[in-house]
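Naming: A, B, ... by sequence-line order, numbering from 1 per chain.
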Amino acid sequence: MCGRYTIVVSMEELMLRYLNEQPTDRYHTPKYNVAPMQNVTAVIHDGEKNKLGELRWGLVPSWASDDKIGSKMINARAETILEKASFKNLIRRKRAIIPADGFYEWKQLGSKKQPMRITMKDGAIFSMAALYDTWLAPDGRKLSTCTIITTTPNSLMADIHDRMPVILSPEDEALWLNRANDDVERLTALLRPYSADLMRAYPVSPIVGNVKNDTPECIEEQILLF
DNA sequence: CCAGACGTTGTT
DNA sequence: GTCTGG
DNA sequence: CCAGACGTTGTT
DNA sequence: GTCTGG
């Protein structure tokens with residue numbers, strides 16, 4: 001699955017990568033340990049252009065009676081996305097991209113868990129496929145939330161875990177974000193494992209387990225624990 | 001028809 | 001809101 | 001995903 | 001064991 005990730009690059013780099021425009025004054029703090037229930041930087045298309053904004057990770061569907069459900073809805077399985085009441089209608093009009101430069105998975109070794117960080121070999125920013133929705137709180141406030149889509153592992157990931165986030169290749173990003181596109185078949189065809197050849201994995205410190213730790217040490221390569 | 005769920009992961 | 005189960 | 005809590009009553 | 005919070 002995908003329950004933690006990193007986005008260490010500057011807002012400047014994100015703007016250049018997704019908006020194709022020169023950065024403004026905003027500054028994006030490097031994130032070494034992004035966790036569910038936090039606000040994350042996302043890309044959506046407003047009909048004219050890409051926009052960067054914040055979504056809380058953990059989907060709260062528009063019909064939910066309270067927002068507690070969000071902590072459970074951090075991932076959506078690509079294989080069943082069209083069958084689930086919570087997701088099937090979002091695929092048409094509520095698609096987003098969550099930019100990342102790494103994600104974490106915990107490899108189970110007997111009773112121990114070894115955290116691993118997975119990145120692109122060239123260190124590039126990549127796009128995780130996500131869905132979002134907006135929930136209206138009883139007090140009238142709007143809460144926009146998201147869920148990251150998962151799929152089966154590629155050959156690199158299979159050794160670590162049985163799920164991985166859906167990563168869109170750069171040439172598929174526009175198709176995914178385009179609001180006018182409601183071709184569900186074409187959209188779901190994008191939800192497949194990314195090429196293992198372009199990725200690498202390395203062990204990191206167990207300090208990444210605690211969400212309070214959001215420091216460069218989280219992404220430092222470590223000797224395998226076990 | 002109404003009531004109740006609506007999710008994924010991992011582990012056994 | 002929409003689907004499933006009874 | 002992992003870490004950490006998991007509860008009520010009454011009193012201040 | 002299971003749920004909540006981050």
Side-chain angles (χ1 to χ4, degrees), chain A residues 1-7 29 31-41 54-94 98 100-119 128-138 142-153 157-167 182 184 191 193 201-215 217-219 222 225-226:
Chain A
M1 67 130 38
C2 181
R4 294 299 172 84
Y5 71 92
T6 65
I7 180 70
T29 315
K31 296 286 185 191
Y32 298 94
N33 197 358
V34 181
M37 299 304 282
Q38 295 175 352
N39 287 324
V40 304
T41 299
E54 299 228 299
L55 297 171
R56 197 176 79 176
W57 183 8
L59 190 87
V60 180
S62 58
W63 41 261
S65 52
D66 63 71
D67 67 343
K68 281 184 184 173
I69 194 172
S71 60
K72 298 176 188 172
M73 312 266 272
I74 67 172
N75 292 131
R77 290 175 70 91
E79 298 94 320
T80 54
I81 210 159
L82 296 178
E83 299 163 18
K84 302 295 181 181
S86 299
F87 305 139
K88 61 183 305 178
N89 294 317
L90 301 180
I91 189 101
R92 267 183 209 84
R93 300 213 142 267
K94 301 280 188 178
I98 310 294
D101 51 18
F103 63 92
Y104 298 108
E105 297 284 2
W106 280 258
K107 178 173 175 173
Q108 187 82 44
L109 294 162
S111 60
K112 307 281 190 175
K113 283 192 168 183
Q114 170 66 58
M116 308 286 291
R117 181 170 183 249
I118 298 93
T119 68
M128 297 190 288
L131 300 174
Y132 70 96
D133 206 351
T134 301
W135 177 73
L136 194 61
K142 282 181 179 173
L143 176 67
S144 290
T145 59
C146 64
T147 187
I148 295 176
I149 303 173
T150 64
T151 184
T152 52
M157 293 305 302
D159 184 50
I160 299 169
H161 207 64
D162 61 355
R163 304 295 296 170
M164 69 180 286
V166 169
I167 296 170
D182 63 353
V184 171
L191 306 180
Y202 65 92
V204 293
S205 162
I207 66 163
V208 76
N210 195 321
V211 299
K212 291 181 213 156
N213 295 321
D214 182 11
T215 61
E217 290 90 80
C218 290
I219 66 170
Q222 303 280 310
L225 287 177
F226 318 110

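Considering only the side chain of A/Asn75, B/dT8 comes nearest among E/dG6, C/dT2, B/dT8. Looking at the side chain of A/Trp63, the nearest of the listed nucleotides B/dT9, B/dC6, E/dG6 is B/dC6. Taking only side-chain atoms of A/Trp106, from C-beta outward, the nucleotide of D/dC1, C/dT2, B/dT8 with the closest atom is D/dC1. Residue A/Asn89 places its side chain closer to C/dT2 than to any other of B/dT8, D/dC2, C/dT2. You'll find that the side chain of A/Lys88 is closest to C/dC3, out of B/dT9, E/dG5, C/dC3. When each of C/dC3, B/dT9, D/dC1 is scored by its nearest atom to the side-chain atoms of A/Pro36, the top-ranked nucleotide is D/dC1.
A gap of 26 Å separates the C1' atoms of D/dA5 and B/dA5, to the nearest Å. Taking the P atoms as reference points, D/dC1 lies 7 Å from B/dT9, given to the whole Å. Nucleotides E/dC3 and D/dG7 place their C1' atoms 14 Å apart, quoted to the nearest Å. B/dT11 and D/dC2 are spaced 9 Å apart, taking the P atom of each and rounding to whole Å. D/dG10 and E/dT2 are spaced 32 Å apart, taking the P atom of each and rounding to whole Å.
Taking side-chain N and O atoms only, A/Ser86 has no distance below 4.0 Å to OP1 or OP2 of C/dG1. For D/dG4, one of the phosphate oxygens OP1 or OP2 lies less than 4.0 angstrom from a side-chain nitrogen or oxygen of A/Asn210. Applying the 4.0 Å criterion to OP1 and OP2 of E/dC3, one finds that A/Lys68 has every side-chain N and O outside that range. An OP1 or OP2 oxygen of E/dC3 is reached within less than 4.0 angstrom by no side-chain nitrogen or oxygen of A/Lys72.
The partner of D/dC2 is E/dG5, judged by Watson-Crick or G-U wobble contacts that both fall below 3.5 Å.
Taking atom CG of A/Leu59 as the reference point, atom P of B/dG7 lies 10 Å away to the nearest angstrom. Between A/Glu83 atom CD and C/dT4 atom P there is a gap of 9 Å when expressed in whole angstrom units. A/Gln108 has its CD atom 9 Å from the C1' atom of B/dT11, to the nearest Å. One interatomic measurement links the two molecules: CD1 of A/Ile118 to P of D/dC1, which rounds to 13 Å at whole-angstrom precision. Between the CD atom of A/Gln38 and the C1' atom of D/dC1 there is a distance of 11 Å, rounded to whole Å. The nearest whole Å value for the distance from the CE atom in A/Met164 to the C1' atom in D/dC1 is 16 Å. Between the P atom of E/dG5 and the NZ atom of A/Lys212 lies a distance of 15 Å, rounded to the nearest Å. If you measure from atom CG of A/Leu82 to atom P of C/dT2, you get 15 Å, rounded to the nearest angstrom.
Residue A/Phe87 is in sugar-phosphate contact alone, with no base atom involved, counting any heavy-atom pair closer than 4.0 Å across all strands shown. Residue A/Ile74 is in base contact, counting any heavy-atom pair closer than 4.0 Å across all strands shown. When heavy atoms are screened at a 4.0 angstrom cut-off, A/Ala64 is found touching no nucleic acid atom at all. Looking at heavy-atom distances under 4.0 Å, A/Arg77 makes contact with sugar-phosphate atoms alone, never a base. Residue A/Met73 is classed as a sugar-phosphate contact, given heavy-atom separations below 4.0 Å to backbone atoms only. Residue contacts shown for A/Thr147 are absent, as no nucleic acid heavy atom lies under 4.0 Å away. Here A/Ser111 lies out of heavy-atom contact (under 4.0 Å) with every strand.
Once rounded to the nearest 0.5 Å, the distance linking CE of A/Met128 with OG1 of A/Thr147 reads 11.0 Å.
Between A/Arg77 and A/Glu83 there is no salt bridge, since none of the side-chain N atoms of the basic residue sits less than 4.0 Å from a carboxylate O of the acidic one.
The aromatic ring of A/Tyr104 is not stacked on the base of D/dC1, since the criterion of ring centres less than 5.5 Å apart with planes inclined by under 30° is not met.
No donor-acceptor contact under 3.5 angstrom links the side chains of A/Thr145 and A/Arg56, judged on distance only. The closest side-chain donor-acceptor pair between A/Thr150 and A/Asn75, if any, does not fall under 3.5 angstrom. Side-chain contact annotation: A/Arg117 with A/Tyr202, donor-acceptor N/O pair under 3.5 Å present.
A distance-only check finds a donor-acceptor pair linking the side chain of A/Arg4 to the backbone of A/Val208 [under 3.5 Å].
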query: Would A/Arg163 and A/Glu79 count as a salt bridge (charged side-chain N to carboxylate O under 4.0 Å, His left out) if you check the C-alpha gap in whole Å, the side-chain angles of each, and the deciding distance to 0.1 Å?
result: CA-CA 11 Å; A/Arg163 304 295 296 170; A/Glu79 298 94 320; 2.7 Å; yes
